[in-house]
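Here is the structure we will look at, set down as structure tokens.
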Amino acid sequence: MADNCSHDCSSCKQNCSSRDKKSLLKKPHQMSDIKKVIAVVSGKGGVGKSMTCALLAAAAQDKGQVTAVMDADITGPSIPKMFGVRERASGSENGIIPVVTEGGVQIMSMNVLLENEAEPVVWRGSLISGTVLQFWTDVIWTGVDIMFIDMPPGTGDVPLTVFQSIPIDGVIVVTTPQDLVGMIVQKALNMAQMMNVPILGLVENMSYIKCPDCGRKISVFGESGVDALALEHGISAVAKMPIDANLTKAADCGNIENLNDNPLSDFLDKVMAQIKK
Ligand code: ADP
């Protein structure tokens, strides 16, 4: 606590132990209606966090939930491409209108704001955090049952701000078998626990490949340790997702909503059962 503490958290930026955690939460746009928020996190980039987020959103929309994706991965946004979204977000006098995919998922991402998608976002952390918060406060999200946030990878400044500012109902942690060995995933799990956000599920991506001839599962990186990790952290929903060229193709061609067999559909049911209580 600061020496000259006035006990008025609204005018103070310090994050001390006396601060009421709720005072850091930002209100969504007054015209928004968002029932549940799930953040998809990973200890590092390239493990399939965006793929997981997109598959979960596609599965939720398919199950009749009004679904949204907030792409908080400002410097590496890949959500619009996976959904085949080409148009730009529009604005009204009230706020920013998200783009809507063919299947009806509402999306806000840096890539639907940039004129040229290949333009790099070379910004400092505070500017990036500010933009993510604007996706929450200035975008009009309509009648959303479930919003997935594709978080930036790692445990830095931006994820911390998002955790503190947006009322998140739970997180899904994405990892790979090698990540498990390297303990990187532990950092993401510990961050969620430190922020008092329930961990709703664990996805081990690139867990195995399926032999195209006999269908046998081959664990390329050795036996999975994901079940033991889930047990250790009391996580009940676990998914093991294979390396599958059909997934890469669907993501690259913007067809993630049109997969015949969404590998995270059953996992989503287990996740939703925990937050519907
Ligand atoms: P992250 O968001 O963690 O940086 P992405 O979701 O963007 O990672 O995935 C990185 C790349 O790997 C993308 O090209 C994606 O299509 C591909 N990919 C992710 N998961 C799988 C998978 N299970 N099978 C095949 N390709 C995958």
Side-chain angles (χ1 to χ4, degrees), residues 38-60 69-85 101 105 107-112 117-118 120-121 128 132 135 148-156 158-159 162 171-189 191-192 201-212 215 217-222 224 226 238-268:
I38 294 179
V40 183
V41 307
S42 66
K44 66 177 171 71
V47 301
K49 172 181 53 61
S50 301
M51 172 73 88
T52 300
C53 189
L55 285 170
L56 288 169
V69 180
M70 184 202 281
D71 187 357
D73 198 347
I74 300 292
T75 55
S78 39
I79 292 293
K81 186 164 188 270
M82 289 182 176
F83 281 90
V85 163
T101 68
V105 178
I107 289 183
M108 182 47 67
S109 166
M110 197 62 203
N111 260 12
V112 301
E117 278 185 1
V121 177
I128 294 176
V132 176
F135 285 180
F148 294 95
I149 304 184
D150 186 8
M151 294 281 267
T155 50
V158 182
V162 176
V171 301
I172 288 169
V173 180
V174 186
T175 180
T176 60
Q178 292 210 302
D179 217 12
L180 279 174
V181 179
M183 304 306 258
I184 295 170
V185 66
Q186 289 278 5
K187 291 184 195 291
L189 290 166
M191 181 177 200
L202 193 54
V203 175
E204 184 180 68
N205 189 24
M206 309 189 192
S207 181
Y208 61 91
I209 53 168
K210 219 175 193 177
C211 171
K217 290 180 179 177
I218 304 165
S219 305
V220 191
F221 303 107
S224 167
V226 73
V238 175
K240 292 174 192 161
M241 193 151 66
I243 300 174
D244 181 351
N246 289 326
L247 290 179
T248 328
K249 197 170 160 205
D252 287 350
C253 302
N255 272 335
I256 210 78
E257 285 177 309
N258 305 322
L259 279 170
N260 287 331
D261 197 10
N262 187 318
L264 296 180
S265 182
D266 294 344
F267 171 77
L268 178 67

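Indexing begins at 1, ligand by ligand and atom by atom, following the structure's order. Residue indices begin at 1 and follow the sequence shown.
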Residue [X] vicinity, atoms of ligand 1 by number, heavy atom under 4.0 Å:
| X | value |
| --- | --- |
| Lys49 | 1 (P), 2 (O), 3 (O), 6 (O), 8 (O) |
| Pro242 | 22 (C), 23 (N), 24 (N) |
| Ala251 | 16 (O) |
| Met51 | 6 (O), 15 (C), 16 (O), 18 (N), 19 (C), 20 (N), 21 (C), 27 (C) |

Checking a contact table here: which protein heavy atom is nearest [atom], and how many Å away?
| atom | answer |
| --- | --- |
| atom 12 (O) of ligand 1 | Met206 CE, 4.1 Å |
| atom 10 (C) of ligand 1 | Gly46 O, 4.4 Å |
| atom 26 (N) of ligand 1 | Thr248 OG1, 3.0 Å |
| atom 24 (N) of ligand 1 | Asp244 N, 3.0 Å |
| atom 5 (P) of ligand 1 | Gly48 CA, 3.7 Å |

[Y] and [X], any side-chain heavy atoms less than 4.5 Å apart:
| X | Y | result |
| --- | --- | --- |
| Ile172 | Phe267 | yes |
| Ile149 | Val40 | no |
| Met241 | Ser207 | no |

Under-4.0 Å protein heavy-atom contact, atom 20 (N) of ligand 1: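 Protein heavy atom within 4.0 Å of atom 20 (N) of ligand 1: present.
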
Under 3.5 Å: N/O of Ser50 near N/O of ligand 1: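 Yes - when backbone and side-chain N and O of Ser50 are compared with those of ligand 1, one distance drops under 3.5 Å.
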
Under 3.5 Å: N/O of Ala245 near N/O of ligand 1: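 Ala245 vs ligand 1: no N/O contact under 3.5 Å.
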
Qualifying salt bridge (charged side-chain N to carboxylate O under 4.0 Å, His left out) pairs, either residue in residues 253-263, two or more places apart: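 The answer is none; no pair qualifies.
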
Under-4.0 Å salt bridge between Asp73 and Lys49: yes

Ligand 1 versus Asn205: contacting region, heavy-atom distance under 4.0 Å: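 The side chain, only.
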
Part of Pro153 with heavy atoms under 4.0 Å of ligand 1, whether side chain, backbone, both or neither: neither

Any residue meeting side chain to side chain donor-acceptor pair (under 3.5 Å) with Asn205, in chain and number order, not counting sequence neighbours: none

Met108, Met151, Met70 screened by side-chain contact (heavy atoms from CB on, under 4.5 Å) with Val132, the one that passes: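 It is Met70, the one option of Met108, Met151, Met70 that forms the side-chain contact (heavy atoms from CB on, under 4.5 Å) with Val132.
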
Side-chain H-bond candidate by donor/acceptor type, Ser78 with Ser50, under 3.5 Å: yes

Between Glu204 and Thr175: side-chain donor-acceptor atoms closer than 3.5 Å: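 Side chains of Glu204 and Thr175: no pair found under 3.5 Å.
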
